[in-house]
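These figures come from a predicted structure and were not determined experimentally. Counting starts at 1 for both ligands and their atoms, in listed order.
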Amino acid sequence: MIIPDPLLDALRGCSRPVVMTGAGISAESGIPTFRDAGTGLWARFRPEDLATPQAFDADPELVWNWYQWRREQLSEVSPNAGHRALVELGRHKPLLTLVTQNVDGLHQAAGSKQVIELHGSIVKTICHKTGKPVDERFVRQSGEVPPRSPHHPDGLCRPAVVWFGEALPAGALNQAMDAARRCDLFLSVGTSSVVEPAASLALMAGDAGACVVEINPAETPLTQLADFALKGPAGSVLPKLVEALKHGSDPNR
Ligand code: BJW
């Protein structure tokens, strides 16, 4: 893939970039995305049955066990070249803001600091009634499925993720919106750009004058609106982009 010169100029010239990632960046670590045909989680499971507060109220054991299964998968994976390239990008652009919709913690595992997690974290647990964090030692020691909450007599423990119909953590969303409105380059990586309010961040950045760039092997609702769309897997495209930034030109030319 050749990186267009105007994109390189924008990348070199920007000082307050925002990168927003989705499930696609972790696909090359072996974590399934949600909406990819055949392999995505929503091709095999119904989100209404597993990723809503109503689903948890109806069958907490099913939902808890599904998330435990996904947590176990996570213990076997590690960050890939895409996650590592973003750590490197942060070294070149100290004011970079990294926003993720992912709940897998792989950016932090790669070494990215101050990651804004819009949809929470699958490795953390909260009380379903109060939203208060629950210590993982308490979760491990409990024999119940799901564990009873230590914070509320009628509460159950649940994964600290954001389900459909739930508000995103206000602090994280406000930080992400502020960064999007103030950035000079917005890089959307590995997201289908269909889940709101995350999908609107790129549009917010574009409306405020930022250069909008997408990295994705497939077309999304953002593709036609972006200034540049790099079609390819994040694990190859991101390292190339960072190399080009370091060398001052696309090394493939
Ligand atoms: C690669 C690749 C490679 C593959 N390299 N790329 C406005 C309009 C319409 C609907 C709404 C609206 N506002 C709100 C809604 C409702 C809803 C919503 O957006 N629905 C739409 C789907 C229709 N939003 C909500 O409910 C949100 N809440 C909300 O708005 O609340 C309002 C409120 C306010 C005040 C009080 C109360 C309420 C919450 C959304 C929560 C999303 N949760 C999930 C599950 C998290 C937990 C879990 O992990 O189980 O988050 S759903 C799922 O989708 C997950 C993801 O973070 C999210 C986004 O998915 P993502 O990351 O884009 O993955 P995919 O699979 O969709 O795409 C992967 C992409 O990667 C593809 O494009 C591939 O091509 C690409 N790819 N390999 C690069 N190697």
Side-chain angles (χ1 to χ4, degrees), residues 1 19-56 62-71 73-74 79-83 85-86 99-107 115-126 131 158-170 172-174 176-177 187-203 213-223 226 229-241:
M1 165 182 298
V19 178
M20 186 177 72
T21 62
I25 195 168
S26 295
E28 289 160 87
S29 292
I31 303 176
T33 63
F34 292 92
R35 296 174 184 80
D36 279 304
T39 58
L41 287 172
W42 298 157
R44 290 187 283 156
F45 306 98
R46 279 165 33 97
E48 306 89 305
D49 295 341
L50 296 160
T52 66
Q54 294 79 11
F56 185 73
L62 174 86
V63 174
W64 179 263
N65 283 337
W66 190 68
Y67 278 93
Q68 285 301 102
W69 167 69
R70 285 179 54 203
R71 276 173 80 146
Q73 287 184 325
L74 267 184
N80 65 54
H83 298 103
L86 291 180
V99 182
T100 189
Q101 297 169 80
N102 298 344
V103 297
D104 56 31
L106 285 183
H107 286 302
V115 183
I116 299 176
E117 291 180 314
L118 287 181
H119 294 162
S121 165
I122 199 171
V123 297
K124 294 183 186 152
T125 303
I126 52 173
R158 57 164 277 187
V161 299
V162 181
W163 285 325
F164 285 113
E166 291 186 318
L168 276 62
L173 182 59
N174 286 336
M177 289 197 303
L187 181 55
S188 170
V189 183
T191 172
S192 56
S193 295
V194 295
V195 174
E196 294 293 353
S200 290
L201 292 172
L203 309 181
V213 185
E214 178 181 63
I215 297 179
N216 197 314
E219 184 109 358
T220 77
L222 180 64
T223 311
L230 301 177
K231 246 185 173 189
S236 319
V237 179
L238 276 171
K240 274 191 194 133
L241 209 56

**Request:** May I ask you to decide if the ring planes of W66 and W42 are parallel, tilted or perpendicular, using 30° and 60° as cut-offs?
**Result:** parallel
**Message:** Whether the E214 and T223 side chains hold a donor-acceptor pair (N or O, under 3.5 Å, no angle test) is what I'd like checked.
**Reply:** yes
**Prompt:** Does any donor atom in the side chain of T39 or D36 lie under 3.5 Å from an acceptor atom in the other side chain?
**Reply:** no
**Message:** Once salt bridge (Lys or Arg N to Asp or Glu O under 4.0 Å) is applied, do any residues pair with E48, and if so which ones, sequence neighbours excluded?
**Reply:** R46
**Asked** Got the residues with a heavy atom under 4.0 Å of ligand 1, by chain and number?
**Response** G22, A23, G24, A27, E28, T33, F34, R35, D36, Y67, R70, Q101, V103, H119, V161, V162, W163, F164, G165, E166, A167, L168, G190, T191, S192, V194, V195, E196, P197, N216, P217, A218, P233, A234
**Any donor-acceptor pair under 3.5 Å from N80 side chain to I25 backbone** = yes
**Passing option when L106 is tested against N102, D104, V103 for side chain to side chain contact (heavy atoms under 4.5 Å, CB included)** = D104
